[in-house]
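One structure is given below, encoded as structure tokens.
Throughout, a chain's letter reflects where its sequence line sits, starting with A, and its residues are numbered from 1.
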Amino acid sequence: MNLYPRFAAHVADALGALTASGDLPAGLDFSNVTVEPPRDSTHGDLATNAAMVLAKPAGMKPREIAVMLAQKLARLPDIAEAEVAGPGFLNLRLDPQVWRDELGAIKAGAGDYGRSTMGTGSSVNVEYVSANPTGPMHMGHCRGAVVGDALASLLDYAGFDVTREYYINDAGGQVDTLARSAHLRYREALGETIVIPEGYYPGDYLVPVGKALAQEFGDSLVSAPEAEWLVPFRQRTVALMMDLIRDDLAMLGIRQDVFFSEASLGSRVQQALDTLDAKGLIYEGVLEAPKGDAAEDWEPRPQTLFRASQFGDDTDRALKKSDGSWTYFAGDVAYHYDKLQRGYTALVDMFGADHGGYVKRMQAAVRALSDGQVPLDIKIVQMVKLMRAGEPEKMSKRSGNFVTLADVVEEVGKDVVRFIMLTKRSDSQLDFDFAKVVEQSRDNPVFYVQYAHARIASVGRKAVEAGIDLPTPDLSLLDDTDLALVKVAAQWPRIVEQAAATREPHRIAFYLADLAAAFHTQWNMGNDDAARRFVLADNPALTAARLALAQAVGQVIRNGLAVMGVEAASELH
RNA sequence: GCGCCCGUAGCUCAGCUGGAUAGAGCGCGGGACUUCUAAUCCUGAGGCCGCUGGUUCGAGUCCAGCCGGGCGCACCA
């Protein structure tokens with residue numbers, strides 16, 4: 001069992017014993033009792049609020065409970081000291097041997113140290129990217145891709161059965177426009193001089209598509225009516241765009257399990273809506289006019305509506321357009337119905353900030369379809385402001401000259417892109433400055449973490465170079481200063497669970513920065529005091545112990561980076 | 001007008017899903033080192049956590065209402 005759950009169990013046992021002996025009244029609710037490391041480390045290694053939480057229901061004074069609990073816990077060999085403090089906290093100081101043992105646990109666990117079983121038995125579908133297949137990925141898509149992918153890895157690491165999924169929006173008007181744009185490029189490939197009208201996709205990436213179409217169809221469709229070529233052109237162009245997108249994803253190290261086509265839904269849209277209809281959640285009605293600027297061309301019209309307002313949405317939502325075809329929402333309802341039928345116990349969608357208004361209706365639909373049994377968590381990912389020497393770069397897909405994901409990855413590397421995308425909470429805006437992200441300094445967390453790992457890798461090499469004959473590590477040689485570093489590394493399993501529970505992968509990046517800082521601090525002590533160095537030519541025994549410490553830190557850094565999808569560097573240039 | 005997200009140090013942001021004296025980096029002040037464990041280090045100052053109420057033993061965190069910023073608002077995807 002991991003260190004923190006183990007001590008939580010000790011506290012629970014002690015409370016149980018006090019209940020059994022009649023010192024505490026029976027039937028108390030222990031669910032609000034926490035056992036956590038206190039923010040201020042001078043308060044010890046662990047603190048529990050048990051006495052304060054239980055005081056009122058037990059009809060006792062907090063300190064009275066705390067003292068009894070302290071007496072019980074102080075008897076345990078792992079606990080060096082149990083002290084009542086403040087309004088009724090019980091602070092625990094662990095025996096140093098606990099931390100030495102944890103070093104062994106890190107070594108033994110290796111890449112699995114920190115893996116959790118919290119998700120065992122749960123299967124989660126994480127849908128991310130889902131960029132329209134109308135061109136290569138640009139930086140607007142990048143953050144959602146990285147955060148979604150890291151979240152999927154994180155949940156996997158926390159024991160969930162994870163499916164990584166991409167929804168291909170290949171059924172709407174935009175892909176028709178794409179097909180028409182490709183038709184122009186097709187004619188161009190056959191020698192015509194073309195003019196790309198406003199509203200079409202002007203990007204050069206359609207030039208090879210036009211050539212491929214020319215090769216396949218010859219000139220037979222140049223002046224044919226649109227009805228003859230629209231469907232095949234759309235199909236082929238979308239397929240080629242998805243190839244581009246998959247290449248882009250591969251550059252980021254992303255490989256998704258399922259690519260789900262909107263167009264493939266077909267009659268299943270009707271089936272999904274029948275399910276809602278059977279629940280009495282669909283009706284023909286007229287919506288009230290929305291307030292504000294969007295109301296100008298409003299006209300009351302009877303529509304097919306879903307009773308989203310019964311499930312927390314602000315209003316009911318249209319399922320059919322005025323021309324009788326399904327709305328995008330109707331398709332998405334069917335898509336999520338499909339996910340539910342696949343049996344996931346939880347769904348996660350990553351949305352761009354501009355789709356924030358869509359959250360409630362989607363959750364309403366899933367709530368209705370699953371009878372509230374399957375939660376849909378929608379994570380909003382804010383925009384990335386791309387900066388180049390302080391100057392913001394615009395990115396618009398329509399303009400044709402957007403900054404592509406591929407350009408950025410080629411310039412700064414996959415690992416830098418992925419790490420930076422996780423250095424902020426995903427729902428707050430992020431600046432990505434080309435100069436800053438590759439800077440080799442303290443304030444660049446990518447560098448700082450990688451540098452720590454590289455130092456750790458080099459420390460072993462240095463010991464060899466120094467010709468030190470290393471014995472088997474004797475961890476009892478490590479003192480409190482050394483063990484302070486273990487305490488940070490030992491947080492890793494907790495961080496994994498917290499990040500997975502809140503579904504916030506950025507916590508991993510922040511933690512790694514903390515761990516790196518703790519390591520660098522330790523390292524820097526060697527400057528003032530040579531006895532604190534990791535490699536000591538005249539003390540092979542201590543060197544071996546310190547190297548074991550360093551390697552444990554390196555292991556945790558690697559595990560964290562692996563969850564983030566970032567490769568750990570063993571040297572920097 | 002309504003809904004969602006966000007207001008934390010001069011700046012950029014964390015804050016363990018309610019805990020103790022609110023943290024980090026940059027910047028600013030002071031100091032150290034003239035080197036290879038310096039692609040610096042140590043240290044100090046700096047805060048009515050937007051405002052006002054409420055819940056609680058305890059609130060940056062939860063609730064309500066304001067103020068300020070961003071996004072969205074029948075039929076696009």
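Using a 4.0 Å cut-off between charged nitrogen and carboxylate oxygen, A/Lys339 and A/Glu165 do not count as a salt-bridge pair. Looking at A/Asp482 and A/Arg532, a side-chain N of the basic residue comes within less than 4.0 Å of a carboxylate O on the acidic one, giving a salt bridge. Under a 4.0 Å N-O distance rule, the pair A/Arg367/A/Asp313 does not qualify as a salt bridge.
When distances run from any side-chain atom of A/Asn132 to the nucleotides B/rC6, B/rC42, B/rA77, the shortest one goes to B/rA77. Distance from the side chain of A/Ala318 is smallest to B/rA74 among B/rU17, B/rA20, B/rA74. Taking the side chain of A/Tyr451 as heavy atoms from C-beta on, and the options B/rA39, B/rG15, B/rC76, the nearest nucleotide is B/rA39. Nearest nucleotide to the A/Asp443 side chain, out of B/rA39, B/rC26, B/rC75: B/rC26. Of the candidates B/rG19, B/rC75, B/rC42, the closest approach to any side-chain atom of A/Lys321 belongs to B/rC75. Across B/rA74, B/rA77, B/rG3, the shortest atom-to-atom separation from the side chain of A/Gln303 is found for B/rA74. Ranking B/rA14, B/rC42, B/rA74 by closeness to the A/Arg301 side chain, first place goes to B/rA74. Of the candidate nucleotides B/rG3, B/rU37, B/rA20, B/rG3 has the atom lying nearest to any side-chain atom of A/Asp314. The side chain of A/Arg425 has B/rC6 as its nearest neighbour among B/rC6, B/rC26, B/rA20. Minimum atom distance to the side chain of A/Tyr328 is reached by B/rC76, of the listed B/rU40, B/rC76, B/rC26.
Here, B/rU40 and B/rA59 have their C1' atoms 41 Å apart, quoted to the whole Å. Annotation: B/rC62 and B/rU56 have their C1' atoms spaced 10 Å apart (nearest Å). For the P atoms, the distance from B/rA45 to B/rG23 is 12 Å, rounded to whole Å. Rounded to whole Å, the P atom of B/rU17 lies 24 Å from the corresponding atom of B/rC4. The P atoms of B/rC41 and B/rC67 are separated by 46 Å, rounded to the nearest whole Å. Here the separation of B/rA14 from B/rC2, taken at their C1' atoms, is 33 Å to the nearest Å. Nucleotides B/rU8 and B/rC75 are separated by 43 Å at their C1' atoms, to the nearest Å. On the P atoms, B/rU55 is 46 Å away from B/rC42, given to the nearest whole Å.
The cationic group of A/Lys321 does not satisfy the cation-pi geometry with A/Trp326, failing either the under 6.0 Å distance to the six-membered ring centre or the 45° limit from the ring axis. Under the 6.0 Å distance and 45° angle rule, A/Arg317 does not count as a cation-pi partner of A/Phe329.
Among the heavy atoms of the strands lying under 4.0 Å from A/Gly173 are primed sugar atoms or P, OP1, OP2 only; no base atom is included. Note on A/Gln491: nothing from the nucleic acid sits closer than 4.0 angstrom, heavy atoms only. If you check every strand for non-hydrogen atoms under 4.0 Å, A/Gly526 touches nothing. When heavy atoms are screened at a 4.0 angstrom cut-off, A/Val459 is found touching no nucleic acid atom at all. Within 4.0 Å (heavy atoms only), A/Arg442 reaches sugar-phosphate atoms of the nucleic acid but no base atom. Within 4.0 Å (heavy atoms only), A/Leu572 reaches at least one base atom of the nucleic acid. Using a 4.0 Å heavy-atom criterion, one finds that A/Val53 contacts the bases of the nucleic acid, with or without backbone contacts as well. Here A/Asp427 lies in heavy-atom contact (under 4.0 Å) with sugar-phosphate atoms only. No contact: A/Ala517 has no heavy atom under 4.0 Å from any strand. Nucleic acid contact class of A/Thr315 (heavy atoms, under 4.0 Å, all strands): none. Residue contacts shown for A/Gln440 include a base, since a base heavy atom lies under 4.0 Å away. Residue-level contact check: A/Asn91 touches the bases, meaning some heavy atom is under 4.0 Å from a base atom.
Base pairing analysis places B/rC62 opposite B/rG54; the two distances defining the Watson-Crick or G-U wobble pair are each below 3.5 Å. Partner assigned to B/rU40 is B/rA32, using Watson-Crick or G-U wobble distances below 3.5 angstrom. The pairing partner recorded for B/rC4 is B/rG70, the criterion being a Watson-Crick or G-U wobble arrangement whose two distances lie under 3.5 angstrom. Shown here, B/rA77 forms no base pair; nothing in the strands shown gives a Watson-Crick or G-U wobble contact with both key distances under 3.5 Å. With both pairing distances under 3.5 Å, B/rC48 is matched to nothing as a Watson-Crick or G-U wobble pair.
Place A/Phe447 and A/His506 on RNA chain B by their nearest nucleotides, and A/His506 ends up nearer the 5' end. Nearer to the 5' terminus of RNA chain B, by closest-nucleotide assignment, is the contact made by A/Thr34 (compared with the other of A/Thr34 and A/Thr521).
In this structure, CD of A/Glu465 is placed 16 Å from P of B/rC36, rounded to the nearest angstrom. Atom CZ in A/Phe89 sits roughly 12 Å away from atom C1' in B/rU21 (whole-Å rounding). For A/Arg39 and B/rG60, the CZ to P distance is 10 Å, given to the nearest whole Å. In this structure, CZ of A/Arg361 is placed 13 Å from P of B/rA77, rounded to the nearest angstrom. Residue A/Asn169 contributes atom CG, which lies 6 Å from atom C1' of B/rA77 at whole-angstrom precision. Between the NZ atom of A/Lys436 and the C1' atom of B/rG27 there is a distance of 11 Å, rounded to whole Å. In this structure, A/Leu92 places its CG atom 15 Å from C1' of B/rA20, rounding to the nearest Å. Atom-to-atom, NE2 of A/His43 to C1' of B/rG19 comes out at 11 Å; the value is rounded to the nearest Å.
Not one side-chain nitrogen or oxygen of A/Lys360 sits closer than 4.0 Å to the OP1 or OP2 atom of B/rG3. Look at A/Ser428 and you'll find a side-chain N or O under 4.0 angstrom from OP1 or OP2 of B/rA14. Proximity of A/Lys379 to the phosphate of B/rC5: no side-chain N or O atom is located under 4.0 Å from OP1 or OP2.
The aromatic rings of A/Trp523 and A/Phe519 sit tilted relative to each other, their planes meeting at an angle between 30° and 60°.
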Could you walk me through whether A/Tyr511 and A/Ile508 pass the side-chain contact (heavy atoms from CB on, under 4.5 Å) test, one step at a time? CA-CA 5 Å; A/Tyr511 167 71; A/Ile508 306 290; 5.7 Å; no

For A/Arg361 and A/Phe306, what are the C-alpha separation, side-chain angles and deciding distance, and is it a side-chain contact (heavy atoms from CB on, under 4.5 Å)? CA-CA 9 Å; A/Arg361 80 187 67 171; A/Phe306 162 57; over 6 Å; no

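Checked by distance alone, A/His355 brings a side-chain donor or acceptor within 3.5 Å of a matching partner on the base of B/rA77. Side-chain to base pairing of A/Asp514 with B/rA24: no donor and acceptor N or O lie closer than 3.5 Å to each other.
Taken to the nearest 0.5 Å, the CG atom of A/Asp45 stands 9.0 Å off from the CG atom of A/Leu3.
The backbone N or O of A/Asn91 sits nowhere less than 3.5 Å from a side-chain atom of A/Glu83 that would complete a donor-acceptor pair.
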